[in-house]
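There's a structure below that I have some questions on.
Positions are given from 1, in the same order as the sequence printed here.
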Amino acid sequence: MAKEKNKIELPEVQEGDLQAQLIKLREDAGYSVPQMADALCLSEEVINHLENEEFELLAEPPYVRGYLRNYAKLGDVDSGELINCYEALRGADASELEYQIKSSSHVTK
């Protein structure tokens with residue numbers, strides 16, 4: 001029963017949905033790709049792979065979820081939407097996702 005309580009429902013998404021959100025977050029924050037990479041302590045390559053939804057070229061899902069949480073902090077948005085979009089796009093089975101998405105505190109520039 002406890003697992004049912006924590007079950008995550010993934011949204012209906014299409015390719016490009018996460019890409020559009022990430023680019024908008026970055027641009028709204030006033031960052032170029034190199035600036036975003038520096039702000040998140042990631043390589044420009046990782047930022048490009050995230051923004052192009054090239055998940056097979058990224059680290060394991062727990063790391064990518066962390067990258068998305070940090071993107072959300074810089075963009076002052078809830079990370080849950082980004083993470084759920086990522087999970088849906090990568091084809092995750094919602095019944096196997098047992099993590100809890102916690103809202104993180106907002107970061108100011």
Self-check item: Side-chain heavy-atom pair V46, L58 within 4.5 angstrom cut-off
Solution: yes
Quiz item: Can you name the nearest heavy-atom pair linking A59 to Y67, along with the distance?
Solution: CB-OH, 3.9 Å
Self-check item: Spacing of CG belonging to L68 relative to CD belonging to E87, to within rounding of 0.5 Å
Solution: 9.0 Å
Exercise. Mind checking the CG-CZ spacing from L40 to R26? Nearest 0.5 Å is all I need.
Key: 11.0 Å
Quiz item: Looking at CG of N84 and CG of L18, how far apart are the two atoms once the value is rounded to the nearest 0.5 Å?
Solution: 11.0 Å
Quiz item: Near E54 CD, under 6.0 Å, is it more than 12 heavy atoms from other residues, nucleotides or ligands?
Solution: yes
Quiz item: Does the pair D76 and L25 meet the rule for a side chain to side chain contact (heavy atoms under 4.5 Å, CB included), with working shown?
Solution: CA-CA 9 Å; D76 199 29; L25 281 172; over 6 Å; no
Self-check item: Criterion side-chain hydrogen bond (donor to acceptor under 3.5 Å, both in side chains) on Y86 and Q21, from CA distance to verdict
Solution: CA-CA 11 Å; Y86 160 70; Q21 290 179 62; over 6 Å; no
Quiz item: Does one hydrophobic cluster hold both L89 and I23, with members joined at side-chain heavy-atom distances below 4.5 Å?
Solution: no
Quiz prompt | Approximate separation, where rounding is to 0.5 Å, of Q19 CD and C85 SG | solution = 11.0 Å
Practice problem: Would you give the length of the straight line joining atom CE of M36 to atom CG of N70, rounded to the nearest 0.5 angstrom? | Solution: 9.0 Å
Self-check item: Exam field: side chain E44 to backbone V33, donor-acceptor pair closer than 3.5 Å
Solution: no
Quiz prompt | Cluster link L57 to V64, ILVMFWY, side chain under 4.5 Å | solution = no
Self-check item: D38 side, atom CG; I47 side, atom CD1 - distance, nearest 0.5 Å
Solution: 10.0 Å
Quiz item: Can you check whether S79 reaches K73 side chain to side chain, under 4.5 Å on heavy atoms?
Solution: no
Quiz item: Should the heavy atoms of other residues, nucleotides or ligands under 6.0 Å from CD of Q14 be counted, would the total exceed 12?
Solution: no
